[in-house]
Each structure stands twice: as structure tokens, then as C-alpha cells.
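Below: the structure, in C-alpha cells.
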Amino acid sequence: MPSASPRILLLTPPLTQLNTPYPATAYIKGFLGGRGYAVTQADMGLQLVLRLFSVAGLRRVFAEIEAGGFALSDNARRMLRLQNRYLATIAPVIRFLQNKDLTLAPRICHGRFLPEASRFDNVADLETAFGTMGLTDQARHLATLYLEDLADLIKETVGPHFGFSRYAEKLALSATSFEPLHRELTAAPGLLDTMLLEELEPLLQRVQPDIVGFTVPFPGNLYGALRLARHIKETRPETVTIMGGGYPNTELRDIKEPRFFDYIDFLTLDDGEGPWLRLLDQWPAVAGTAPTAVSPSPAMAGRHFTAVSPSPAVAGEHFTPLNPSPAMAGEHFTPLAPVPAMAGTVCLQRTFLRNPAGEIEYHNHPFPDVPHHEVGTPDYSDLPLTEYLSVLEVLNPMHRLWSDGRWNKLTVAHGCYWKRCSFCDVTLDYISRYETAPSTLLVDRIEQIIQQTGQTGFHFVDEAAPPLALRDLAIELLKRRVAITWWGNIRFEKTFSPDLCRLLAASGCIAISGGLEVASDRLLALMEKGVTIAQVARVTDGFTQAGIMVHAYLMYGFPTQTAQETIDSLEVVRQLFAAGVVQSGYWHRFSMTAHSPVGKNPAKYQVAAIGPEPAGFAWNDLWHDDPLGTDHEAFGPGLAKSLYNYLHGVALDEPLARWFDFKTPKATTPRHLVQQALQAPDKPDFAKQNQRLFWLGNAPDFRLEAGKKAPHAVLTCYEQAEDFEVKTTEATGRWLHQLLTQLSQDFDTKVLLKDVAATFPRSEGPFEAFLQSPAWLLLREKGLLLL
């Protein structure tokens with residue numbers, strides 16, 4: 001680490017989730033902190049929400065609405081009349097959603113405590129939806145509707161770009177041109193922008209950063225990041241700004257827009273650890289490449305800011321003027337330029353910058369990537385974990401996990417081990433570079449995070465967590481007796497056997513999500529998904545039988561998909577819900593992206609790319625013409641309506657045509673396709689000789705009881721919910737007792753079925769026959785697994 005180490009501030013701009021921190025800054029902080037750098041992080045989305053949804057914040061909102069001459073809807077006018085009630089309830093509601101005052105739940109549910117606007121018009125039957133879930137969940141849902149009412153009012157009036165989990169998202173969606181964002185950013189800040197900057201300024205005063213890094217995971221984070229960066233450039237032009245994250249990684253890989261670099265000095269691609277390390281290795285010289293400070297916005301003109309002295313790293317450095325690029329002619333800048341000594345010597349990795357001539361350059365010196373096992377443990381230490389809001393937006397059980405509760409986010413493996421799906425960005429690093437870390441290291445990280453946060457909930461955020469890595473992780477968790485609750489994303493592949501599902505459940509898994517996508521074997525093959533409908537049915541059944549909730553990602557509108565295939569897919573989905581093997585799902589419309597196999601070679605999939613035309617900025621979502629497919633747009637509302645009903649167990653036996661307001665073909669999918677798949681026999685145990693035995697139970701007690709001809713053995717197993725006995729012959733009983741005792745104490749030795757077969761008492765007959773005995777079958781039912 002350089003001796004003149006810069007002070008680093010990492011920011012998550014508004015808005016991601018309200019219930020838990022987005023993990024990108026925690027990852028970079030953990031990585032850089034492990035190398036001795038001083039790093040501070042902040043979630044500006046949370047800070048903005050807490051400032052806005054407070055008594056003082058709502059007073060400003062109501063005052064600006066009343067003074068602003070807005071054309072108000074009836075709903076907005078009603079809310080204005082109820083403003084005193086909103087001011088009286090906002091603080092208690094926020095505390096309730098922060099789990100600081102759960103005794104408010106009865107008043108929210110039964111006391112006419114909350115003012116109600118349009119979000120309450122179609123409130124679900126709470127008794128049906130929450131009957132088994134308790135009063136607190138009902139109240140959480142109602143409190144969330146209350147906040148969404150306020151968000152609707154804000155969006156209609158003083159904050160047209162506001163929305164939970166997004167902020168000015170439309171400005172960045174398919175933003176091939178930077179112009180709309182530029183217009184908004186150079187306009188006077190609105191009320192919400194002002195509040196955001198009011199949160200930023202004390203942070204800058206406290207940290208005095210030399211570098212500010214922004215993570216932009218989604219389109220809805222871009223505007224907030226650039227608004228914050230603009231303020232930094234206006235008030236602290238010597239501060240270096242860096243941006244990375246999922247949005248740049250997918251959308252800005254071909255950026256040619258020089259005005260973007262008025263705000264951001266360095267734009268990094270793919271994993272941030274390597275680019276950050278190269279920038280910091282060359283500090284302070286690399287600071288000289290920070291090109292400009294932006295001209296003040298109209299609202300900033302004449303405002304006074306406390307001067308900040310240059311950091312020691314840049315004090316005394318000499319900078320020469322930089323001529324603006326033609327695109328910026330006529331704009332006023334305070335120019336900076338690289339120090340002469342640095343010309344041609346900066347070696348960066350996967351980083352865009354603007355050179356002294358105003359041209360965009362991409363630097364990618366062939367440094368090796370930071371291996372997954374060396375990225376370190378995410379560091380959440382300076383995030384206000386008790387301030388996040390557990391909201392309950394919709395009644396979809398998987399979406400409830402997403403928005404309710406504090407989840408530590410962690411990655412089991414980097415990239416995807418499959419990386420073939422034709423709709424996915426398989427050409428990009430976050431998918432294509434697959435690396436794993438040892439299970440021992442993963443559990444070390446889990447234990448460190450638990451100690452740091454006091455939270456034992458984990459969301460594994462892999463694109464598709466590999467089954468064997470999950471197996472090893474589960475075994476290590478059980479070995480160390482580390483009790484966590486976790487969920488994540490997988491592929492519905494056959495490696496997830498019923499026994500593996502039971503192991504994952506024992507280690508704390510409560511839910512998984514996976515892509516069924518288009519429930520058509522022809523289209524699944526065209527997608528190169530690597531699964532079949534029958535396989536998906538069996539895998540989801542295994543998870544369900546283990547007590548793990550299953551969420552299916554569903555897709556419609558894939559190239560060449562016909563109306564018949566859309567209806568047949570819906571029939572498969574109906575059967576999966578009717579069989580009870582899928583409990584949650586969501587239909588996504590297919591989108592062709594520039595980095596997917598479909599986007600790279602549309603002709604192979606019999607579609608044509610028809611736009612948009614590149615305009616120097618974002619480039620990812622592509623428009624396409626599908627001459628062989630159906631009118632995909634028409635099917636969207638009916639698919640969503642059917643799924644909502646299936647989620648609640650409603651109309652599972654009704655004709656599929658009822659969901660659509662136009663004529664549809666009859667399903668040709670066999671009516672019992674899923675049931676037949678579930679009834680297919682599994683391989684017998686004697687055909688699994690190379691699989692590992694694993695015992696979920698404790699070491700059993702052993703005793704002999706007198707019998708008519710000879711003593712027989714009784715193994716008593718004491719388990720969490722019940723005790724049970726296994727009765728067998730004396731020789732088999734002693735052998736089983738030794739085996740189960742070893743398995744309950746030794747997690748490191750991989751005992752294969754063929755290994756125990758070799759030790760089975762010969763006097764007891766063929767081992768294959770024993771594998772079908774009542775004693776063996778009972779143990780298999782109670783927790784003796786083959787993995």
C-alpha cells in the first residue's frame with residue numbers, strides 16, 4: 001500500500017432495497033480494508049428515505065405542494081387534507097418498520113391508525129393472506145401501503161422521478177443518449193435532490209475523502225450517483241470520482257460520451273477489486289488524471305461552501321489546463337489535467353477515462369483478476385443496520401423475502417458454472433469467469449459477518465449457486481454447528497437430488513429460486529437451458545418435500561415462441577402449482593441484450609435486431625422483430641393474472657382461456673405431465689455405490705433385547721422433534737451403531753456407500769438385500785442421506 005494512502009468514501013446512491021444494504025460497497029470496503037486502506041461507506045438511498053419520511057421531511061413536501069400550483073388528482077387532494085394525520089403517524093410507522101416498536105401492530109391493523117389513500121383501495125383479504133402469519137405481518141403490509149401512498153403523492157408532485165427501489169429509473173433505461181440525463185442534471189435540483197445533497201454534505205465534511213466511489217447496480221441508481229458526483233465536483237474539484245457496478249458492466253461498455261466524465265473521473269468494468277487496486281497502487285499520481293470540475297448548476301450559483309484544503313496526496317502538485325472537447329464547447333469548467341510525469345505511465349485495469357484531448361480512452365493492462373477466494377469478507381461495519389425498513393410490498397412469498405428482513409449478502413462462487421443460456425449475458429465477466437472458494441473459507445466469512453452484524457440471515461446472490469459447492473458449504477456449516485438461515489438462486493438441475501435438498505434444508509436453507517423460463521422442451525433446448533420440464537418437476541418436488549420454498553422465474557416472448565407454446569407453458573405452470581411443487585413465481589418478458597448469444601447472433605434465433613441506434617452512451621437492451629412468434633405483448637396481462645391466482649391456490653382447475661380477453665388455442669400439454677414426472681421411480685440405493693453417506697441425526701443409543709431365538713438390537717435415535725427406534729439383528733445393529741456414531745462425529749471423512757458395503761457383516765446376507773430392509777428404509781426416511 002502506498003505511504004500517502006487516500007481517504008476513500010464509497011456510496012450506494014438511491015435507491016436499492018429498503019430492508020438491507022446492497023453489498024457492493026461492503027465487498028470493496030472489505031477488500032480494500034484488508035489491504036490497509038481507510039474506507040468509509042454510506043447508503044444514500046436509506047439516508048434519503050429516512051430524511052424524506054420524517055415529520056420534517058413531510059412538512060417540506062406538503063409545503064412545496066401547496067406552494068407549487070400542481071394539478072392534483074382527487075387522491076392527492078385527499079392526502080393533502082389528511083396531512084396532519086400523516087405528520088402524526090410517520091415517525092411511529094418508520095420505527096415500526098425498523099422493528100423498534102412492534103407493539104404498534106394491533107393499532108395499525110384494527111385501530112384506524114393509518115390514513116388511507118388509493119393503495120388501500122384494492123387491499124387483499126388480509127385474513128386469507130396472513131391468517132397463519134400473525135398480526136405483525138398484516139401491519140407490516142398495511143404500513144408499506146401507507147408509505148407507497150406517500151410515494152405516489154411525491155411522484156405526482158415534487159419528485160416525479162421518485163420510486164422505492166428506483167430513482168429516476170426511466171432516465172437510464174435504454175438510455176442510448178446521455179442528453180435526457182444531462183438536461184436533468186444541469187437543471188436546478190428538486191426537493192428530493194436537495195434532501196439528498198443535504199445528506200451528502202455532512203458526510204463529506206466528516207470524511208474529507210480524496211476518492212469517492214459510486215456503485216450503480218441498476219438503472220435507477222444512475223441519476224442519483226451523477227447528482228451526488230456533480231455536487232462533489234462543484235464543491236471539491238480535487239476529489240476523484242469512480243463509478244462501477246452492474247449498470248456500467250452491462251450498459252456502458254462502449255461509452256463514447258465525454259460529458260459523462262464531467263462527473264466521473266474513472267469508470268470501471270466488471271469486478272471492482274482489480275481496477276480499484278490498480279488505481280490505488282498508483283496514487284497519488286493517478287489523481288492527476290481527474291480532469292475537470294463541472295460548472296455550477298443554476299441553483300448552485302452564488303451559494304457558499306466551506307472550502308476544503310487539498311489532501312496531502314495532491315498538495316503542491318502542478319496541473320495544466322485541459323481544453324474542453326467539442327461536445328462541451330461554451331461550457332465553463334475549472335480545468336485540471338494529468339501531471340506531465342504521468343504521461344503514458346498509468347497502468348489501469350478495465351477502466352475508462354477522458355484524456356487531455358477530451359477523448360474517451362479504455363485502459364486494460366493485462367493484470368490478473370483478483371481470485372474469488374482473495375476478495376475478502378464483506379465489511380458492513382459502518383452501515384446503520386438497525387435503521388433499515390422491513391417492508392412487505394406484495395403477497396408473493398419470494399418477493400417478501402426480498403423486501404422483508406435484514407439479509408447479509410454473500411457469493412458462493414463467482415460467475416456461472418453453466419454459462420450457456422442464450423438469453424443471458426454469458427459473454428460478460430460476471431457470468432463467464434467461474435471461480436469457487438473453499439467451503440471452509442466461506443464459513444469463515446459467514447462467521448465473521450455474523451460477529452460483525454449480529455444477523456444470521458444470508459442471501460447468496462450467485463447467478464446460479466453450484467450444487468456441489470452448496471453441498472460442501474452445508475456440510476461445513478453442520479460440522480461447525482453454525483446456525484444460519486439462507487436462500488439463493490440455482491438451476492433446476494438433476495444434481496439437486498432429494499437427499500441434497502434435505503441436506504441444504506438442515507443447513508438452514510428456507511427458499512430457492514430458479515429459472516424454469518419458458519416451460520416448453522423445444523424452447524428450453526433452444527435456450528440451451530440444460531433442463532427439461534420433467535426434470536424441473538422432480539427437482540422442485542425434492543426441495544418442497546424438504547420444506548424449502550420454490551420460486552420459479554418464468555419467461556414469455558422468447559424468439560419463435562408461438563401462441564400454442566405460450567398456452568402450453570402456462571399449462572405446465574398450472575400443473576406445477578397444482579402439484580404443490582412450486583409455491584411462488586413471476587413472469588418476465590424476454591428482452592434481447594447486446595451481450596447474450598441471442599443479441600450477438602439474432603439470425604440464429606430467427607429474429608432481427610431493429611434498434612435502437614447507438615448514441616454514445618448506454619447500449620444493452622435491443623429491440624427486435626420476431627416474425628415467427630406470436631403477439632407476445634398481448635399475453636402479458638393474462639399470464640400475470642393467472643399466476644397471481646395460482647399463488648393463492650385459486651382457479652387451478654379452470655380453463656386457461658379464462659385469463660385472456662382474446663381467443664387462445666387449447667393446451668396440447670398432456671394433462672398429467674407433471675404428475676407422471678413426479679411418479680417416475682428414482683434409482684435404487686444399490687445403484688449409488690459411489691455416493692457419500694451423511695447422517696443428519698445424532699449418535700444413537702444401542703441396546704440388546706431378548707428374542708425368541710436370539711437377542712435383537714434396538715437403536716434409539718433422539719432427534720429434535722421425535723425419538724424413534726430401529727430394530728434389527730445383533731450383528732447388523734452393532735454395525736449400524738458404529739456407522740451412525742462415526743457419521744455423527746466425523747464430517748471430514750467421505751464415507752462412500754461402497755465403503756460401508758465392504759464392512760457389512762457377511763453373516764447378514766447380501767448388502768443389496770439389506771438396502772431394502774425396513775431398518776435401512778427407516779433410517780433413510782429419518783435423515784441418512786446419499787450425496
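Remember, predicted model here, so these are calculated numbers, not experimental data.
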* Establish, for the pair Arg471 and Phe694, whether the NZ or CZ atom is under 6.0 angstrom from the six-membered ring centre and no further than 45 degrees off its axis. => no
* Does the cation-pi check pass for Lys782 over Phe724, that is, NZ or CZ under 6.0 Å from the six-membered ring centre and within 45° of its axis? -> yes
Would you mind reporting whether [Y] and [X] have side-chain heavy atoms less than 4.5 Å apart?
X: Glu493; Y: Val539; result: no
X: Trp487; Y: Ile548; result: no
X: Pro378; Y: Gln448; result: no
X: Leu18; Y: Ser403; result: no
X: Val582; Y: Val573; result: no
X: Pro92; Y: Asp101; result: no
X: Cys717; Y: Asp723; result: no
X: Phe458; Y: Thr485; result: no

Once rounded to the nearest 0.5 Å, what's the spacing between atom [atom1] of [X] and atom [atom2] of [Y]?
X: Tyr417; Y: Ile431; atom1: OH; atom2: CD1; value: 12.0 Å
X: Ile28; Y: Leu10; atom1: CD1; atom2: CG; value: 7.0 Å
X: Asp379; Y: Thr453; atom1: CG; atom2: OG1; value: 11.0 Å
X: Thr377; Y: Leu442; atom1: OG1; atom2: CG; value: 9.5 Å
X: Leu97; Y: Thr144; atom1: CG; atom2: OG1; value: 5.5 Å
X: Glu447; Y: Leu477; atom1: CD; atom2: CG; value: 8.5 Å

To check you understand the geometry: which heavy-atom pair defines the closest contact between [X] and [Y], and what is its length?
X: Ser744; Y: Trp695; answer: CB-CD1, 4.0 Å
X: Thr250; Y: Leu428; answer: CG2-CD1, 3.9 Å
X: Ile446; Y: Ile484; answer: CG2-CG2, 3.9 Å
X: Ser642; Y: Leu570; answer: OG-CD1, 3.4 Å
X: Lys29; Y: Ser381; answer: CE-OG, 3.5 Å
X: Glu463; Y: Cys416; answer: CB-CB, 4.4 Å

* Could you walk me through whether Ser422 and Met527 pass the side-chain contact (heavy atoms from CB on, under 4.5 Å) test, one step at a time? => CA-CA 5 Å; Ser422 58; Met527 289 178 173; 4.0 Å; yes
Students often mix this up, so state it plainly: with edges at 30° and 60°, are the rings of [X] and [Y] parallel, tilted or perpendicular?
X: His588; Y: Tyr586; answer: perpendicular
X: Phe460; Y: Trp486; answer: tilted
X: Tyr646; Y: Phe577; answer: tilted

Main-chain N/O of [Y] paired with [X] side-chain donor or acceptor, under 3.5 Å:
X: Glu571; Y: Thr669; result: no
X: Asn221; Y: Phe218; result: yes
X: His141; Y: Leu392; result: yes
X: Thr12; Y: Asp43; result: no
X: Gln575; Y: Leu673; result: yes
X: Ser520; Y: Ser569; result: no
X: Thr411; Y: His414; result: no
X: Asp499; Y: Leu787; result: no
X: Thr20; Y: Trp407; result: yes
X: Asn19; Y: Gly405; result: yes

Taking atom [atom1] of [X] as the centre, report whether more than 12 heavy atoms of other residues, nucleotides or ligands fall under 6.0 Å from it.
X: Lys419; atom1: NZ; value: yes
X: Lys750; atom1: NZ; value: no
X: Gln451; atom1: CD; value: no

* Could you please spell out the steps behind the side-chain contact (heavy atoms from CB on, under 4.5 Å) verdict for Leu383 and Gln41? => CA-CA 7 Å; Leu383 292 173; Gln41 63 184 328; 3.8 Å; yes
* **Aromatic centroids of Phe543 and Phe496 separated by under 6.0 Å** => yes
* Would a line drawn from the ring center of Tyr146 to the ring center of Phe120 be shorter than 6.0 Å? -> no
* Just do the side-chain contact (heavy atoms from CB on, under 4.5 Å) check on Arg140 and Asn99 with the steps written out, would you? => CA-CA 10 Å; Arg140 201 181 305 283; Asn99 297 305; 3.3 Å; yes
Answer yes if the side chains of [X] and [Y] hold a donor-acceptor pair under 3.5 Å, and no otherwise.
X: Gln545; Y: Asp541; result: yes
X: Asn489; Y: Arg491; result: no
X: Trp659; Y: Asn645; result: no
X: Lys409; Y: Gln17; result: yes

* Identify the residue among Lys688, Arg780, Arg538, Lys494 that makes a salt bridge (Lys or Arg N to Asp or Glu O under 4.0 Å) with Asp682. =>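 Exactly one option meets the salt bridge (Lys or Arg N to Asp or Glu O under 4.0 Å) with Asp682, and it is Lys688.
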* Could you tell me whether Lys100 and Glu387 have a side-chain N and a carboxylate O separated by less than 4.0 Å? =>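 Salt bridge flag = yes for Glu387 with Lys100.
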* Please report the C-alpha distance between Ser584 and His551 in whole Å, then the side-chain angles of each, then the deciding distance to 0.1 Å, and finally whether the side chain to side chain donor-acceptor pair (under 3.5 Å) criterion is met. => CA-CA 4 Å; Ser584 176; His551 174 88; 2.7 Å; yes
* Working for side-chain contact (heavy atoms from CB on, under 4.5 Å), residues Asp653 and Arg574 -> CA-CA 8 Å; Asp653 295 321; Arg574 184 199 67 78; 4.0 Å; yes
